[in-house]
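Notes follow the structure.
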Amino acid sequence: MERTIIKTADGSHSLFVKHLNEHYHSIHGAIQESNHVFINSGLKHILSQQNRQLTILEIGFGTGLNALLTFIETYNLNIQINFSALEAYPLNTELTNKLNYIDLLNTELNKSTMNLKTIFNQLHACEWDKPIEISDFFNIHKIKNTLQKIVFDKKFDLIYFDAFGPAIQPEMWTEEIFNKIAEATKPNGCLVTYCAKGEVKRTLKKVGFTIESLQGPPGKREMIRAIKN
Ligand SMILES: C[S@@+](CC[C@H](N)C(=O)[O-])C[C@H]1O[C@@H](n2cnc3c(N)ncnc32)[C@H](O)[C@@H]1O
């Protein structure tokens, strides 16, 4: 799959997939979108309800931006994060080394001994298909598989649903897929996605979620937060 780096409106990189004519993130701002949809509307929502240990599942690991932002947000909170990330088409390190996220993320972590660049490199370089300790409080388990084939063997508090849109990859947004995800979500657990399609809301409702339509990131009117009944 041919992917080229592009710069989005907030200055952060994303990838363009030629044969799908689709981007990995909003062209209005990749970091801005990830922070709005996954961190502020998902992670912070779950953290406001529980703060001991979190199991997170990302559908579509891609550039690793959501894992990185999750690491930054939970650093210093003294919570154990178990981050599982599903990806069917991993990126090579030649490409991920060129992504400019670390240069733009001006956090305390950049100045601390816990160098953020090293963390980002580790997130990408670490082995697939087994849990890896990135720090005392953050484990990642990258799973190389497709959403269609995977059988989840545990339940999650929080799902970052970051697949390509339903118009591009309808097979990722079916009732069968969301049923599988619902079964892998803990009661009161939460799924967040940038997508706000009525059809997706109806399917999520059907498989056992309560739907909240939230304001979307810049450039998008709405997004979905779905809470498992
Ligand atoms: C919209 S991109 C988002 C990626 C990532 N969250 C990020 O911030 O870079 C969708 C991702 O889903 C992956 N993907 C596509 N088809 C998939 C499938 N059938 N199963 C799992 N992942 C898939 C793509 O390779 C891509 O990394």
Side-chain angles (χ1 to χ4, degrees), residues 1-8 10-43 56-73 83-93 95-102 104-105 119-121 123-124 128-129 140-152 156 158-174 176-181 184 191-197 200 216-217 219-220 223-224:
M1 205 194 314
E2 193 189 324
R3 288 160 288 207
T4 43
I5 294 183
I6 61 122
K7 204 176 245 189
T8 66
D10 68 358
S12 59
H13 281 158
S14 185
L15 299 175
F16 177 69
V17 190
K18 203 172 167 193
H19 81 275
L20 298 176
N21 191 27
E22 180 72 322
H23 295 93
Y24 270 45
H25 307 95
S26 160
I27 56 164
H28 298 278
I31 289 183
Q32 181 177 254
E33 177 189 48
S34 288
N35 266 328
H36 180 95
V37 175
F38 301 106
I39 305 301
N40 295 337
S41 310
L43 180 63
I56 303 175
L57 168 68
E58 174 168 39
I59 305 298
F61 176 67
T63 61
L65 176 58
N66 292 329
L68 179 70
L69 294 175
T70 302
F71 182 94
I72 293 170
E73 190 60 37
F83 195 102
S84 297
L86 178 68
E87 177 56 65
Y89 311 103
L91 301 171
N92 61 42
T93 46
L95 188 66
T96 58
N97 280 341
K98 292 184 186 146
L99 295 169
N100 68 356
Y101 301 137
I102 301 301
L104 296 176
L105 291 166
I119 299 293
F120 189 57
N121 290 346
L123 290 172
H124 281 292
W128 288 83
D129 297 312
I140 189 161
H141 183 181
K142 294 190 297 182
I143 306 160
K144 193 171 172 220
N145 202 342
T146 65
L147 182 55
Q148 295 87 326
K149 286 198 192 133
I150 190 170
V151 177
F152 295 113
F156 301 91
L158 176 61
I159 319 274
Y160 296 160
F161 197 86
D162 201 12
F164 291 120
I168 308 288
Q169 267 197 313
E171 67 276 17
M172 301 285 276
W173 303 81
T174 64
E176 192 185 347
I177 290 285
F178 281 128
N179 221 346
K180 179 156 77 170
I181 289 180
L191 175 150
V192 270
T193 178
Y194 64 87
C195 179
K197 278 205 149 185
V200 173
K220 247 187 150 257
M223 59 161 281
I224 298 173

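Start at 1 and go down the list; that is how both ligands and their atoms are numbered.
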Residue and atom name of the nearest protein heavy atom (relative to [atom]), distance in Å to one decimal:
atom                    : value
atom 12 (O) of ligand 1 : G60 CA, 3.5 Å
atom 17 (C) of ligand 1 : M172 CE, 3.5 Å
atom 20 (N) of ligand 1 : L147 N, 3.0 Å
atom 22 (N) of ligand 1 : A88 N, 3.5 Å
atom 9 (O) of ligand 1  : T63 OG1, 2.6 Å
atom 19 (N) of ligand 1 : Q148 OE1, 3.0 Å
atom 8 (O) of ligand 1  : H25 NE2, 2.8 Å

Checklist entry - atom 15 (C) of ligand 1: which of E87, E33, Q169 has the nearest heavy atom? => result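 Closest candidate by heavy-atom distance is Q169.
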Next on the checklist: My understanding is that only residues two or more places apart in sequence, or in another chain, count here; which of them pass ring-ring contact (aromatic ring centres under 6.0 Å, His included) with F16?
Outcome noted: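 Partners of F16 under the ring-ring contact (aromatic ring centres under 6.0 Å, His included) test: H23.
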Item to check | Shortest non-hydrogen separation from G11 to N100 and the atoms involved | outcome: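 Reported closest heavy-atom pair: O-ND2, 2.9 Å.
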Next on the checklist: Go through it in stages, so that I can follow the logic: the residues are L69 and F38, the test is side-chain contact (heavy atoms from CB on, under 4.5 Å), and I'd like the CA-CA distance, side-chain angles, deciding distance and then a yes or no.
Outcome noted: CA-CA 9 Å; L69 294 175; F38 301 106; over 6 Å; no
Relative to ligand 1, is [X] under 4.0 angstrom through side chain, backbone, both or neither, heavy atoms considered?
X    : answer
E58  : side chain
N145 : backbone
Y160 : neither

Checklist entry - Within 45° of the axis and under 6.0 Å from the centre of the six-membered ring of W128, does NZ or CZ of K142 qualify? => result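 Yes - K142 lies over the ring of W128, closer than 6.0 Å to its centre and within 45° of its axis.
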Checklist entry - Is D162 in polar range of ligand 1, meaning some N or O pair under 3.5 Å apart? => result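 Yes.
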Checklist entry - Looking just at side-chain N and O atoms, do T70 and Y160 make a donor-acceptor pair shorter than 3.5 Å? => result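 Side-chain D/A pair, T70 to Y160: present.
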Checklist entry - Looking at T146, which atoms of ligand 1 are within less than 4.0 Å of one of its heavy atoms? => result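 Counting atoms of ligand 1 from 1, those under 4.0 Å from T146 are 19 (N), 20 (N).
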Checklist entry - Taking the six-membered ring for Trp, are F83 and F71 ring centroids under 6.0 Å apart? => result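 That pair fails the under 6.0 Å test.
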Checklist entry - What do the steps show when you test R3 against Y89 for side chain to side chain donor-acceptor pair (under 3.5 Å), and what is the final call? => result CA-CA 11 Å; R3 288 160 288 207; Y89 311 103; over 6 Å; no
Checklist entry - Any idea how F178 and F161 line up, ring-wise: parallel (<30°), tilted (30 to 60°), or perpendicular (>60°)? => result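 The rings of F178 and F161 sit tilted, inter-plane angle from 30° to 60°.
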Checklist entry - Would you find more than 12 non-hydrogen atoms of other residues, nucleotides or ligands less than 6.0 Å from K180 atom NZ? => result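 Counting neighbours around NZ of K180, more than 12 heavy atoms of other residues, nucleotides or ligands fall under 6.0 Å, so yes.
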Next on the checklist: Using heavy atoms and a 4.0 Å limit, tell me yes or no: is L15 in contact with ligand 1?
Outcome noted: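 For ligand 1, residue contact (heavy atoms, under 4.0 Å) with L15 is absent.
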